[in-house]
Amino acid sequence: MSARSDRRPEQAAPRWLERAIFWLSLLVVLGVASALVLLDPPWRPDTVAVAPKVGSVAVTRDQQAFVVNYELENLGTASVVQVQVQVTAGDQQVEQTIAYLPNGSKQRASAVLYGVPAGTRPEVRVVGYQMP
Amino acid sequence: MSDTTARATRPLETLRPLIRSLCGGFIFSIPIIYTMEMWSLGHNRPAMQILAFVALSYLVAVGLNYVSGFREAYGWGCAFKDAVETLALGIAVSAVMLVLLGVADANGSAKVFLSQVMMLAIPISIGASLSRSQLGEKGADGDGPEKPAEDERPGWHNDLKDLALTAFGGVFLGFSVAPTEEILLIATQGRWWQALGTIALSLGITYLMLFEARFVGESQRLETPGMFQGAWPETLVTYAVSLGISAYLLWFLGDLPLVPSPSQAIAMTIVLALPVSMGGAVARMIL
């Protein structure tokens with residue numbers, strides 16, 4: 001491109017400041033883009049492909065309510081947005097969808113069931129998940 | 001040194017386009033900055049997808065800069081450089097606003113924060129490009145001959161200008177609509193005749209806005225030379241560009257990658273193309 005066509009409209013202003021603004025801008029754009037790629041590199045394996053699984057399960061009772069607190073593990077870093085979980089206790093069953101932000105490897109959740117006899121051991125299992 | 005030259009070489013003269021970009025970025029993107037759906041856009045998207053979206057939006061800003069620079073000397077080099085500066089400005093403003101609004105969590109993930117910053121920087125930088133190239137006082141940023149009038153330019157330049165302005169207006173209006181769940185809802189509930197009616201309405205309202213409503217520059221538009229210049233060819237091209245912009249916005253911002261059937265994806269694109277084509281038509285009217 002000729003020198004004439006590269007001339008800036010505000011050419012009368014100080015060239016050093018004009019150049020400084022451009023190079024600083026380029027540095028900001030490339031810096032943020034590089035940081036983003038390094039924090040979420042495309043070459044990193046997606047651990048979600050292994051499938052989310054249930055970690056620790058704990059039970060609390062609140063009068064008639066039977067509360068099952070559980071942790072989802074192996075959620076990966078960037079892909080899964082929803083996990084379908086089935087919680088069974090005795091003859092009671094509830095299915096819930098856990099939506100989460102993929103910024104960690106674990107997600108806590110709880111399910112509330114009623115009419116569950118004392119001493120019942122709940123079963124929590126992942127029945128599906130969705131990836132974008 | 002004369003008094004005039006002394007005034008022109010003040011650092012403020014160099015900063016003035018940047019100041020105008022900053023103000024324009026705020027003016028045009030403040031409704032988007034205050035929208036909750038926008039904050040969550042960066043949460044679950046891979047970095048490369050976000051960067052691809054930023055790159056495509058950057059090209060739209062370059063096209064807008066090139067076709068709307070006031071001076072003859074304003075070439076592709078200036079257009080690329082200005083777009084880098086407005087994108088950097090968008091990143092800075094976006095980061096500051098996310099912190100001030102309390103969206104950025106000090107204990108949260110750096111990846112999520114940077115993703116939010118990048119996604120929000122796009123509308124801010126597009127608004128900044130618009131104000132930098134369009135809303136400045138003519139002659140305020142330097143000397144040199146002004147660009148020739150529309151009818152003195154080659155036809156391809158007018159076609160490129162129309163395409164760039166349609167894409168810009170469409171992206172700008174569609175950006176706040178594409179992430180909403182309503183697009184998927186409307187497309188899912190709609191029947192085939194409603195989709196055809198939406199296409200007809202999009203074409204009709206675009207034609208009326210550009211060629212029958214007697215808005216600003218209508219007679220000039222009809223006389224401008226170019227391959228696609230003419231009422232119906234322009235209307236059809238505007239709608240075709242709007243469909244492309246809609247698919248692009250829905251892919252990056254909306255639910256398009258999640259829908260199971262192609263027919264549903266097409267329906268969503270048609271639904272969003274109505275506001276996008278209006279945005280494209282408005283941009284061509286006022287810019």
Side-chain angles (χ1 to χ4, degrees), chain A residues 1-46 48 75-83 98-107 129-132, chain B residues 4-5 7-18 40 42-51 54-55 58 69-78 81-82 84-92 95 108-115 117-118 121 136 140-144 255 257-258:
Chain A
M1 187 170 286
S2 69
R4 175 177 166 77
S5 62
D6 257 341
R7 190 176 57 172
R8 302 293 300 267
E10 57 273 24
Q11 62 169 357
R15 295 289 296 181
W16 66 268
L17 185 57
E18 200 179 303
R19 285 179 185 153
I21 290 171
F22 170 71
W23 286 110
L24 185 64
S25 301
L26 195 61
L27 195 68
V28 168
V29 172
L30 294 180
V32 174
S34 307
L36 195 54
V37 171
L38 289 174
L39 287 167
D40 181 21
W43 55 86
R44 183 163 64 190
D46 191 352
V48 172
L75 295 176
T77 51
S79 294
V80 169
V81 288
Q82 287 182 333
V83 180
I98 310 299
Y100 69 95
L101 306 178
N103 55 2
S105 59
K106 289 185 178 180
Q107 177 75 32
Y129 59 92
Q130 290 170 333
M131 296 169 70
Chain B
T4 310
T5 312
R7 269 204 309 275
T9 52
R10 281 178 193 157
L12 185 62
E13 293 305 314
T14 300
L15 294 177
R16 210 179 294 282
L18 213 56
S40 57
H43 280 157
N44 46 27
R45 288 176 199 277
M48 293 311 288
Q49 193 180 342
I50 291 171
L51 293 180
V54 171
Y58 171 77
F70 284 138
R71 300 285 157 196
E72 192 179 16
Y74 194 95
W76 283 108
C78 292
K81 281 196 275 188
D82 284 355
V84 168
E85 289 175 13
T86 49
L87 181 57
L89 187 80
I91 289 171
S109 150
K111 186 259 167 182
V112 169
F113 176 65
L114 289 181
S115 302
V117 166
M118 278 304 222
D141 292 343
D143 56 8
D255 298 324
L258 296 175

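We name chains A, B, ... by the order of the sequence lines, and we start the count at 1 in each one.
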Practice task
Run through A:D40, A:V37, A:L39 and flag the one making a side chain to side chain contact (heavy atoms under 4.5 Å, CB included) with B:L114.
Solution key: A:L39

Handout entry: Min side-chain heavy-atom separation A:L17-B:L15 under 4.5 Å
Key = yes

Completion exercise
Nearest heavy-atom approach of B:E85 to A:E18 is OE2-O, 4.3 Å

Problem - Contacting moiety of B:L87, where chain A heavy atoms sit under 4.5 Å - result: both

Fill in the blank from the handout: Ranking A:L27, A:I21, A:L24 by heavy-atom pairs under 4.5 Å to chain B gives rank one to A:I21

Problem - Closest contact, heavy atoms only, B:S115 versus A:L36 - result: OG-CD1, 3.5 Å

Practice task
Examine whether an atom of B:L89 lies under 4.5 Å from a heavy atom of chain A, and if so say whether it belongs to the side chain, the backbone or both; otherwise answer neither.
Solution key: neither

